[in-house]
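Shown next, in C-alpha cells, is the structure this report addresses.
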Amino acid sequence: MSDSSLRLVWVYPDLLSTYGDRGNVLVVERRARQRGLDVTRIDVRSDQPVPTSGDIYLIGGGEDRPQRLAAERLRVDPGLPRAVENGAIVFSVCAGYQILGHEFINDLGQREAGLGLLDVHSTRGEGARNVGDILAEVDPRLGLPPLTGFENHQGITHLGQGVSPLATVQVGGGNGTGDGTEGAWRDTVFGTYLHGPVMARNPALADLLLKLALDVSALPPTDTTWYDALRSERIAATRQQQNA
Ligand code: GLN
C-alpha cells in the first residue's frame with residue numbers, strides 16, 4: 001500500500017456497472033473498514049483520468065456500446081497499465097474483463113482492441129447468450145471457497161498461455177469456450193464473468209484482494225451470517241437450475 005489509507009478505485013461507474021456491480025466496491029470498502037482500515041474511495045468517471053496510485057481497482061460489466069466507449073477511453077489513458085506496473089490489484093467483471101484482454105468484438109461487430117493486461121481475447125458467441133447462475137471451483141492456489149454468481153454475456157473469452165483460469169465451472173457457462181473454465185488471472189489482475197454482485201456473494205474474494213493489497217496472509221474474521229445465508233440460498237437455486 002502506498003500510504004496509510006487503502007486507495008480503492010472504481011473505474012467508470014458511468015459506463016461499467018451492470019447488474020449491481022457497484023456492490024463490489026461497497027463490499028470491498030466495507031470489509032476493509034471492518035478490519036479498521038482507512039479507505040479512500042475514488043470513483044473515476046469516464047471523462048476523468050485513471051489515477052496510477054490506487055491499491056485496488058474494480059471494473060464492472062456493461063452493455064456492448066458503453067463497453068466500446070470505455071475501451072476507447074481506457075486505451076488512451078495510461079493510468080491503469082501504469083498502476084498494474086506499480087503492483088496494483090485489478091478486479092474486472094464481464095465487459096471489464098473483456099476490455100482487460102487483447103481484444104473483443106464491439107457493438108458494431110468489429111474487433112476492438114483492449115488493454116492487454118490479461119492474456120485473453122474475446123469473440124462473440126454464435127449461439128444463445130450465457131445467462132444464469134454459476135457455481136465454480138476456484139483455482140486451488142487462491143484458497144477460496146466455491147464461487148457463486150450470475151452471468152449474462154454473448155462474448156466468449158479464450159485464455160492465452162499468460163493467464164490461468166480463475167475457476168472451473170460446475171454449473172454455468174463461464175468463459176463460454178466449452179472447456180469449463182471461468183475467468184482468468186495472473187499475479188494481481190483478475191477477470192470474471194460473475195455478477196451477483198460477485199463480492200457480495202463471495203466475500204472471501206473481497207478479502208483476497210485486501211490480503212494482496214496489505215501483503216498479509218490472513219485478516220481478522222468478521223461476522224458473515226448474511227453473506228452465508230445469501231450464498232446458501234443462491235447455491236441451492238443454482239443446483240436446482242442445473243437439475244431443471
Ligand atoms: N457486452 C458484453 C457481452 O455481452 C458484456 C456483457 C456484460 O458485461 N454483462 O459479452
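All residue numbers in this chain count up from 1 along the given sequence. Remember, it's 1-based here, ligands and their atoms both numbered in the order they're listed.
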Salt-bridge criterion met for Asp43 and Arg41 (N-O under 4.0 Å) = yes
query = Using links of under 4.5 Å between side-chain heavy atoms of ILVMFWY residues, direct or through other members, which residues join Phe150 in one cluster?
reply =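 Tyr19, Val131, all in the cluster of Phe150.
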message = Once salt bridge (Lys or Arg N to Asp or Glu O under 4.0 Å) is applied, do any residues pair with Arg124, and if so which ones, sequence neighbours excluded?
response = Asp64
Which N/O atoms of ligand 1 sit under 3.5 Å from a protein N/O, and at what distances?
| residue | atom | partner | partner atom | Å |
| --- | --- | --- | --- | --- |
| ligand 1 | 1 (N) | Gly62 | O | 3.4 |
| ligand 1 | 1 (N) | Asp64 | OD1 | 2.4 |
| ligand 1 | 1 (N) | Gln67 | OE1 | 3.0 |
| ligand 1 | 4 (O) | Arg129 | NH2 | 3.3 |
| ligand 1 | 4 (O) | Gln154 | N | 2.9 |
| ligand 1 | 8 (O) | Gly62 | N | 2.9 |
| ligand 1 | 8 (O) | Gly62 | O | 3.1 |
| ligand 1 | 8 (O) | Ala95 | N | 3.1 |
| ligand 1 | 9 (N) | Asn152 | O | 3.1 |
| ligand 1 | 9 (N) | His195 | NE2 | 3.4 |
| ligand 1 | 10 (O) | Gln98 | NE2 | 3.0 |
| ligand 1 | 10 (O) | Gln154 | N | 3.2 |
| ligand 1 | 10 (O) | Gly155 | N | 2.7 |

task = Assess the side chains of Tyr227 and Thr222: does a donor N or O sit below 3.5 Å from an acceptor N or O?
result = no
ask   = When you measure from the side chain of Ser17 to the backbone N and O of Arg22, does any donor-acceptor pair fall under 3.5 Å?
value = yes
inquiry  = Considering only residues two or more places apart or on different chains, which pairs with a residue in residues 136-147 satisfy salt bridge (Lys or Arg N to Asp or Glu O under 4.0 Å)?
reply    = Asp139-Arg141
